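One structure below.
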Amino acid sequence: MGRSKGDLVVFIGKRLLQLIPVLLGVVLITFIFTHLAVPNPCAAWAGPKATPSVIKGCEQFYGLNKPLPVQFEDYIVGLVTGNWGIDPLTHTAVLPSILAAFPATLELVLAALFLMVVVGIPLGVVAAASSGRVADHLVRIFYLSGWSTPTYIAGAVLFIWASKEFGLSGGAFSTITSPVPTITHMSVVDAILAGSPSATADALEHLVLPATALAFINMGVATRMTRTSMLETLPLEFVKTARMKGLTEFWVLYKHALRNALITTTTVLGLTTGAMISGTVVIESIFTWPGVGLYAYDAITSYDFNGTIGVVIFFAVVVVVANLIADVLYGLLDPRVEWR
Amino acid sequence: MEYRVGAGTFRALNDVSFELPTHRVVGIVGETGCGKSTLGHAIPRLLPQPPAIVRSGKVVFRGVDLLRLPKWQMPSIRGTGIGMIFQEPINSLNPAFRVGDQVAEAVHIRRMRERGLDPTFRRDVQGTDYSRREMPRAGDVVSAPFVPPALVDRAKARSPPVSKELHEEVLSFLRLVRINDPERIVSLFPHELSGGMRQRIMIAMALSGKPGLLIADEPTSALDVTIQAQVLTLMKELMEEVQTSILFISHDLGVIAEMADEVGVMYAGHLIEFGPVAEIFESPRHPYTKALLRSIPNRYKSEGPLPSLAGSVPNLSRMPAGCAFHPRCPIARDVCRHDPEPPFVAAPAGPDGAVHRSACYFPEEVASLP
Ligand SMILES: Nc1ncnc2c1ncn2[C@@H]1O[C@H](COP(=O)(O)OP(=O)(O)OP(=O)(O)O)[C@@H](O)[C@H]1O
Ligand code: SF4
Ligand SMILES: [Mg+2]
């Protein structure tokens, strides 16, 4: 094992293979739970006045009359061939809907991540450099307040305050004045691609609130990890070496110490990103952000078992892939790591 | 200089006063925990504060009292003014950067300062009397012996891009510390190098700032015995080639004997004797130095308590009254057991009349000790 490109490819390949049993487990558990929770969704969909024959037809259409093992087998076959089932209410296919919604979620999470990196990491450095003094305490109060605020409260408060104060609106496309062609399904990127400054400003305006809320809640991850690993790094001898070169304290902190502290911070941020993507259900429904979280919310509240299982599987994949990316980043940042 | 530990503080450096003449090597010797590293770190103000507190004192470097400088001006002193080599080569290089880049950074800082291109470098920090005393500009102190003239000429003739020039200079510094294949070594990470190689890189890095003062804090203690000898030989050779003042710290009087022109002996945070190396060895003026001298034969084992001395180093937070050494001193009298401490004064002049100071009431009696 070493650090060559080949080693990295083998490493990633192995990790992707390990994904298969994990996903099978996730599918099995979600499948069983959704079917136990709502044994006969047809009755719920069709409404109280539906005739038995209508319900029967529905059951036949969705294969709900077959034994559970057979349903599971059918589902697995569909999963592998890309047919993740159909949403009974909108009659749209699950996988394409999720894939179409995902870029919006990714955009939201990446925007939040960006804020966490540019605000949270420097705050962590400041806190560590002034450890035990006023600045350190202020930073800790800031991120702890974000951490201990429930998502829905942070989101709702920000939403109400900002709409009053600035007239900003949360809903993604609620007031979009100049629609632009959908290419990437990311509102800001699409607006930039369309070359329209007004649309870009508009899209950014919509992104800012949910991204800020998401970033505020998760800021603690970036700041605390940076602070902790900076505190571990600063007493190390090489920091003194950096000082003795004649570097100013800024470069000692932000180049030599932070470069090492970032190894752990980046890993934790990678893991958090997976959790944030799968945790956008609340924030997306508050801000009606048209991402996977909103899709999940709709699927669950409408007994759409195909949609629900599909979203859960999708989130599982996202979390595993985010972990894989975190591991790869860790190895890339730390030259002592060998791929294995 | 005190350390605050828990509720109390203890004095880790007390009344340590000596001069380091230009282009001379001063050795500092003492048992483990006596405050050698604390002294070495106090000079370029590297002590972590807290827990360290500097109560009083002066560190005068090129006419400037470093302890009175605002903290943000200290970087102007470091690198090109004072360089340092640390005790643990395992940790003293940044694990995340290639060693070539780490040396290059030090070279780059010095080059920028030489050209007046470093906006954070305060030349005025070194005082206006800089020119008056005809001292070289920071960085020029040892420039002549450093870069082989042929290299400089070729670099000037072709006028290559700065980075190329920088790279060449990095290679030349690695060659200076006897690294045979610097082209390969520069692209390695610290963890891919042995302890001895890392310490060579550290030495190259410290020298590449062309400092006026180099502090070497036990540069070989953490290495294997054979590697120790190699690095010491290298440093000895470099002392001839590189004209810089050196503060050489070691717990090993044998090493000091080889390296230093003058020796300071430390005991429990005090400087108890200071003088030319021959003087100290031939006619020590303090019983502790005498005891140290007797332990030289087992030089690579002197980490523990000295075999020839009963008792152990006093706890710095509970120092005895009077002379700190009196509980272990074979010639202690009543006057030694009460405050004040014996003054650090010039002992009666030795055979060649060199200044030789010690903190003992009875320096003449040391000679008659076994
Ligand atoms: N950061 C610190 N906080 C508290 N006490 C310290 C600190 N650093 C050193 N000390 C104490 O100060 C005293 C002097 O330590 P110092 O490291 O200077 O000794 P030394 O002579 O360099 O020893 P060694 O030969 O082991 O390197 C010791 O008693 C040590 O325990
Ligand atoms: S002053 Fe007294 S106790 Fe101290 S070293 Fe001299 S003789 Fe010994
Ligand atoms: Mg030490």
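Since the structure is predicted, the reported quantities are computational estimates derived from the model, not experimental observations. Within every chain, numbering begins at 1; the chains are lettered A, B, ... in the order of the sequence lines, protein sequences first and strands thereafter. Only this structure's heavy atoms are used, side chains among them; waters, hydrogens and symmetry mates stay out.
Here the shortest heavy-atom pairing between A/Pro335 and B/His191 reads O-CE1, 3.2 Å.
Within residues 233-260 of chain A, the residues approaching chain B closer than 4.5 Å by heavy atoms are, in numerical order, A/Glu237, A/Phe238, A/Lys240, A/Thr241, A/Arg243, A/Met244, A/Lys245, A/Gly246, A/Leu247, A/Thr248, A/Lys255, A/His256, A/Arg259, A/Asn260.
Around the OH atom of A/Tyr330, the shell of radius 6.0 Å holds no more than 12 heavy atoms that belong to other residues, nucleotides or ligands. At most 12 non-hydrogen atoms from other residues, nucleotides or ligands lie less than 6.0 angstrom from CZ of A/Arg224.
At a 4.5 Å heavy-atom cutoff, B/Ile90 makes no contact with chain A through either its backbone or its side chain. The contact between B/Leu93 and chain A is made entirely by backbone atoms, counting heavy-atom distances below 4.5 Å.
Note on B/Met74, B/Gln87, B/Gln102, B/Lys71: by heavy-atom pairs under 4.5 Å with chain A, the leading option is B/Gln102.
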